[in-house]
Amino acid sequence: METRPGTPRIDDEVANELRAALGSANVCTSADDLDRYSRCTIPWQSLCAAVVFPASAEDVAAVVRIAARHRIPVWPSSTGRNWGYGTTLAIDDGAIVMILERMNRILEVNEELAYAVIEPGVTYTQLNAHLRSKGHKLWIDCTDGSGQGSVIGNALERGIGETPYGDHFGNLCGLEVILADGERVQLGSTTQGLKTWHTHKWGVGPYVEGLFTQSNLGIVTQAGIWLMPQPESHNSFVFEVSDERHLPKVVDAFRRLALTAIVNTKLHMINDFVSMAILTQRISEQVAQHGPLTDADLAALRRKYCIVPWSCAGGIYGTRGQVKLQRSLLREALSPYGRLIFISDALLPYLQRLIDWSWKSPLVRRLIELGARTSLPMLDSAPYVHKILQGIPTEYFVKHAYYRYRRPRPQEGVQPARDRCGLIWFAPILPFSNTHIWPFLDACKLRFAAHGFDFYVAMLLMNPRSIICLMAIIYDREDADETAHSVQLYEELLAIMRERQFQQYRAGLQSWGELFKDAPEMQRLNAKIKAALDPDNILAPGRYGVDL
Ligand code: ADP
C-alpha cells in the first residue's frame with residue numbers, strides 16, 4: 001500500500017529509539033500497519049504514526065519515556081476491540097498506538113480464593129480455555145462482544161458482562177500501572193507481595209484504582225480478576241414479551257427481582273430489531289435497501305423469525321435447590337406478562353440435536369418450529385445465550401454490526417472495524433424506573449426514524465437501581481448520506497440525554513470533547529489530576545475529556 005498523502009510520520013530518531021527498546025518487529029510504521037490500526041466503526045478518522053507492541057511492563061515504561069522525550073502522545077489499548085466507541089483510534093493524527101496483545105500471560109490462578117492474575121493481552125477466549133483445560137472449577141464473565149477482547153481492557157472501560165460477575169471493573173482487584181513518567185506502581189499496596197492485593201479491592205489510603213479507568217492517567221500492565229466458582233447448577237432463561245403493554249409491569253417485576261437478589265445477573269432486555277440484526281442482514285431480506293424497515297417489513301420479519309417485540313435473557317446460579325427455587329420465583333413474578341423458557345445443561349444436548357436435525361430436514365424444521373413456537377434461527381441462538389452465561393465467549397452476537405453491510409458477513413473471524421462496518425454505540429444509563437425509561441426511549445426512537453435508522457435498543461441491568469439503555473446506530477459506511485445522518489443522530493441523542501439529566505455509562509470518542517461541558521468544575525478537577533500525573537499530556541490526551 002502506498003503511503004497516503006498526509007500520512008503522519010515519526011522521526012527516524014524516534015523510530016530507532018523505539019526499535020532499540022522493543023526490537024524492530026514490534027515497531028510498525030508501514031502504511032499498511034498504520035491503516036490497520038486506524039480503522040474504526042464510528043465515523044471518525046485519525047491516522048497514527050506508529051504502532052508498538054511491548055512485551056513487558058519494562059517495555060511499556062521505555063516507550064512512555066521515549067514518547068515523553070519527543071512529546072508524542074501514546075494511545076494504549078489491550079487488544080483494541082473497542083468497536084463502536086473508538087477502537088484503537090487516537091483523537092488526532094500522529095500518535096503512537098500501543099497494543100498490549102503480546103503481554104498475554106496468565107500469571108496466577110488461585111482456585112481457593114477464586115481469582116486470576118493476568119496481563120492486559122489475555123483475552124476472554126484464552127482465559128476461559130485456560131481455566132477449563134487445567135480443570136479449574138472457576139468461570140470467567142465475558143461480554144457478548146468478541147472473545148478476542150481483553151479481560152482487562154473491557155474492565156478498564158467499566159464494561160459489563162452477563163453473570164453475577166458482570167460488573168467487570170467491580171471484579172478487578174489489584175492493578176499494576178505504569179505512569180506517564182515511566183514509574184511502576186502497585187495500586188493500593190503498602191508492600192511488595194501484599195497477600196491481600198488481589199482479594200481486598202479498596203487497599204488502604206486513598207482509593208485510586210478508579211482513576212485508571214475511562215481515563216488517560218496510566219497504562220495497566222497487570223491486574224487481578226475475581227472469578228465465579230463453578231456453581232452446582234445453572235439455568236439460563238429467556239423471557240418473551242409479545243404484548244408491549246406489559247412492559248412497565250415487566251420492568252417493575254425485574255426491579256423487584258433484582259433488588260431482592262433473585263436476579264443477580266446483568267439481565268439483557270432487547271427489542272425486536274436487536275434480534276433481527278443478529279439473525280440476518282438487510283441484503284438477505286426482501287426489504288427496502290435504504291432507510292429503516294417499514295412497519296410492514298418489520299411485521300413480516302417478526303413473523304418469519306418468530307421474534308417478539310421484546311426478549312429478555314439472564315441466568316440463575318446456585319445449588320440445585322436454589323436454582324429450582326429461583327425458577328419458581330421467576331415464574332411467579334413473570335408468567336402473567338409473557339413466555340418464560342428455562343434452559344439447563346441437561347437440556348442443551350437435546351436442543352442441539354433438534355437444531356442439527358432441523359437444519360437438515362425441512363419437515364423436522366417445520367414440526368419443531370410449530371411445536372416450539374419459534375423459528376430455527378432463533379432456536380439456533382439459544383445455546384450461545386446459555387454458554388455466554390457460563391463465561392464461554394462467542395462471535396455469534398457481534399454479527400449484528402454487519403446488518404447494513406453490503407456483502408455477506410463473515411461466518412468466522414468477525415471484525416467489524418477491519419471490514420469497515422458502520423456501528424456507533426450510544427450508552428446512556430438511567431434509573432431503573434418506568435418513569436424515566438419509556439419516555440426517553442420514545443424520544444430516541446423518533447430521532448432514529450427521522451434519520452432513516454432502525455431503532456436498536458438493548459437494556460442491560462447495571463445494578464438493581466440503574467439500567468443501561470444501549471443503542472446502536474448501524475449504518476452503511478459506503479453511503480455518505482447515511483454516514484452524515486449517523487453523526488447527526490448521535491448528536492441529537494446526546495442532546496436528548498443531557499436535557500433529561502442523564503449521562504453515558506461509557507462514552508465513544510466523538511463525545512469526549514463535550515463530556516464535561518456542563519460541569520466545568522469537574523473538567524478542572526480532571527485537568528488538575530492530569531497535570532499532576534502527566535504534565536506533558538503524553539498519555540491519550542483528551543481521552544474521556546481529560547486534558548490539560
Ligand atoms: P477490548 O479489546 O477488550 O474492547 P481495548 O483493548 O480496546 O479493549 O481497550 C478499551 C479501551 O480501554 C482502550 O481504548 C484504552 O483506551 C483503554 N485501555 C485498554 N487497555 C488498557 C491498559 N492496559 N491500560 C490503560 N488503558 C487501557
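In this chain, residues are counted from 1 in sequence order. Both ligands and their constituent atoms are indexed starting at 1 by order of listing.
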Of all the non-hydrogen atoms in the protein, which one sits nearest to [atom], and at what distance?
atom                    : answer
atom 3 (O) of ligand 1  : S150 N, 2.8 Å
atom 20 (N) of ligand 1 : S78 OG, 2.6 Å
atom 13 (C) of ligand 1 : S77 OG, 3.5 Å
atom 12 (O) of ligand 1 : E157 CG, 3.7 Å
atom 15 (C) of ligand 1 : P76 O, 3.1 Å

(message) I'd like to know if the side chain of Q504 reaches the main chain of I429, judged simply by a donor and an acceptor atom lying under 3.5 Å from each other, with no hydrogens or angles considered.
(response)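 Between the backbone of I429 and the side chain of Q504 there is no qualifying donor-acceptor contact (under 3.5 Å).
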(request) Kindly say whether F53 contributes a backbone atom to a donor-acceptor pair with the side chain of R102 at under 3.5 angstrom? (result)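 It does hold such a pair.
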Under 4.0 Å, heavy-atom basis, I'd like to know which part of [X] is in contact with ligand 1: side chain, backbone, both or neither.
X    : result
R81  : both
L156 : side chain
T221 : neither

Does [X] have a heavy atom less than 4.0 Å from any atom of ligand 1?
X    : result
G218 : yes
N216 : no
R543 : yes

If you measure only the distance, is there a donor-acceptor pair under 3.5 Å linking the side chains of [X] and [Y]?
X    : Y    : value
S46  : D92  : no
D35  : S38  : no
D476 : Y405 : no
Q230 : H136 : no
D141 : N171 : no

(message) Aromatic contact between F448 and Y456, with the criterion being ring centroids under 6.0 Å apart: yes or no?
(response)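 Distance test on ring centres: not under 6.0 Å, no.
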So is [X] polar-close to ligand 1, meaning N/O to N/O under 3.5 Å?
X    : result
G80  : yes
V220 : yes
R506 : no

(message) Tell me whether K201 at atom NZ has more than 12 heavy atoms from other residues, nucleotides or ligands lying less than 6.0 Å away.
(response)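 Atom NZ in K201 is packed in, count exceeds 12.
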(request) Using a strict cut-off of 4.0 Å, indicate which atoms of ligand 1 neighbour a heavy atom of I219. (result)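 Checking each atom against I219, I get 24 (N), 25 (C).
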